[in-house]
2 protein chains.
Amino acid sequence: MTLKILSEHACFDGVQGFYEHPSKVTGTTMRFGVYRPPQAKTGPVPVLTYLAGLTCTEETFLIKGGAQRLAAQYKLILVAPDTSPRGAGVAGEDTDWDFGTGAGFYLDATAEPWSKAYRMYSYVTEELPAVVAENFPADMKRQGIFGHSMGGHGALTIALKNPQRYASVSAFAPISAPLQCPWGQKAFAGYLGGDLQAARRYDTVALLEDGARFGGTLLVDQGEADQFLKVQLKPELLEAACRKAGQQLNLRLRPGYDHSYYFVSTFMADHLAHHAAALRA
Amino acid sequence: MTLKILSEHACFDGVQGFYEHPSKVTGTTMRFGVYRPPQAKTGPVPVLTYLAGLTCTEETFLIKGGAQRLAAQYKLILVAPDTSPRGAGVAGEDTDWDFGTGAGFYLDATAEPWSKAYRMYSYVTEELPAVVAENFPADMKRQGIFGHSMGGHGALTIALKNPQRYASVSAFAPISAPLQCPWGQKAFAGYLGGDLQAARRYDTVALLEDGARFGGTLLVDQGEADQFLKVQLKPELLEAACRKAGQQLNLRLRPGYDHSYYFVSTFMADHLAHHAAALRA
């Protein structure tokens, strides 16, 4: 494993680093960020992975989220992957802001020309954890996952499909039902070529309908002034699906809050506390 | 006064806003950010102004600093101006990253062609406070000022020249003696045309030598792994000048920390506590 350090910075008595490595899964050079809390100097600590939203990079959450202070307090490693492969050389990948580069949707594409590089599901669930385990003092038996918007969708679907691996999951303003919103429909049409059965494996509401369950509570914060609330995010579909499935959900609607990191950072402490409790950190 | 709202976002139960207005001082449209804590809904609260460093904008501190959480806790309005005029139309203003646009050095230029627009000292100390007082629930009798790098230089020099107006001052990695470092020498040569007496009015060490004093303690944090420490920042000159002048200084050298906002955000809580105590917030 060749891991290249792009930069490392002291931060809340720990280390905020950015790294890149050649990915076998995507065939590209992938970047990610890791925050190591001070306690990681003396032994492995639990791992909390954050998935960012459309147009974001591995830096977004680590610059804007205000989470390192809390990770230091709760003794958690933070892992933040990029949101897609970059420079894969797929025709059209840089054309749209909501598809292709910066918009990997945390799925494994099956349709051409995307299937070779756009495999963020396998990258996030298999290759990246292996890289983290090999290079950082991470207790991989204690993992949580969360994210924002497209990344909230990623966190919820990944946790529902891997409930044995993740002890905790949460989301800020997730795309709750990509099959039922324009962002998701576009992504599934492009990456999955209209394969509905494949798409249902990447849709939180459909996963719940099809029997997937998470042992803990799904924690979700959603701003009521979010500009994408009604057309793209649709938390009411998540709420209905959880009710019908008997899935525990703690959905908090936040009056006045929008889709920005001013919203995300406001409720970051609640989310880190949720994960820390589940990870017994 | 025409104040245009660029965006407003709920944030820690208060409001993070970005604004622009036609500036009489610079002759350009100036942008700034204001964070209003929840307590500002019911009455005026003290004002803490932050001055950012080279290449930064009015957004940098408000995105990266993690200060809104603390401002909400301490009932402080945060004000963050841009670091220079933009689009002033001065030949060469966009050529260098450390002079001109993004590098106003918080001084009033006297040399041509800079003297018309590059007047950040008057903007920060006169026009911007008037705009804030007119448009926000700000108790202008209780003000503090702080900043990072070039903005730390700005905060220290402004507080030393206006000790009656500011109850508190602090800096992260300030340019301590611009007359004695390349960034400052370049700025003073360009903006002040080599007028040494004018330059001494914008240099913390020279101000102390020339008799300026601040009633409270100058709080300064400086990373020991800062890439600009030895050539540009020179806290040892600040320390010596304070000792000689009898000026109270609390300089903390932080092992391992660099010049980034990963450093700034780590010690933000200390600085907000310092200002809140002085402002009796």
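We name chains A, B, ... by the order of the sequence lines, and we start the count at 1 in each one. Atoms considered below: every heavy atom in the structure, side chains included; atoms not considered: hydrogens, waters and symmetry mates.
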Does any heavy atom of chain B fall under 4.5 Å from the side chain of A:E224, the backbone, both, or neither of them?
neither
By number, which residues in residues 253-262 of chain A have some heavy atom less than 4.5 Å away from chain B?
A:G256, A:Y257, A:D258, A:S260, A:Y262
From B:C56 SG over to B:F61 CZ, what is the distance, rounded to the nearest 0.5 angstrom?
11.5 Å
Tell me, do B:L51 and B:V124 make a side-chain contact under 4.5 Å, heavy atoms counted?
yes
Listing request: all salt bridge (charged side-chain N to carboxylate O under 4.0 Å, His left out) pairs with a residue in residues 62-72 of chain B, at least two apart in sequence or in separate chains.
none
To the nearest 0.5 Å, what is the distance between OG1 on A:T49 and CD1 on A:I145?
5.5 Å
Is the closest side-chain donor-acceptor distance between B:H274 and B:S168 under 3.5 Å?
no
Rounded distance [0.5 Å steps], CD1 in B:I77 versus OH in B:Y35:
10.5 Å
Contact residues of residues 36-44 of chain A (partner chain B; heavy-atom separation under 4.5 angstrom):
none
Checking side-chain polar atoms at under 3.5 Å, does A:S23 have a donor or acceptor matched by the opposite partner on A:H21?
no
Any salt bridge between A:D82 and A:R31, counting N to O under 4.0 Å?
no
Could you check if a side-chain atom of B:C181 sits within less than 4.5 angstrom of a side-chain atom of B:I175, using non-hydrogen atoms only?
yes
Working to the nearest 0.5 Å, report the span between NE2 of A:H148 and NE2 of A:H271.
10.5 Å
From B:L251 atom CG to B:L218 atom CG, the distance as rounded to the nearest 0.5 Å:
10.0 Å
Please determine, among B:A269, B:S265, B:A72, the option with the most heavy-atom pairs under 4.5 Å with chain A.
B:S265
Please lay out, stage by stage, how B:W183 and B:F228 fare under the test ring pair (Phe, Tyr, Trp, His ring centres under 6.0 Å).
CA-CA 10 Å; B:W183 281 340; B:F228 302 114; 4.7 Å; yes
Atom CZ of A:F32 and atom OH of A:Y123: how far apart are they, to the nearest 0.5 Å?
6.0 Å
Can a side-chain donor-acceptor contact be found between B:D94 and B:T101 if the only test is distance below 3.5 angstrom?
yes
Most heavy-atom pairs under 4.5 Å with chain B, out of A:L62, A:I63, A:V264, belong to A:I63
Within residues 11-19 of chain B, contacts to chain A at heavy-atom distances under 4.5 Å involve B:C11, B:F12, B:D13, B:Q16, B:F18
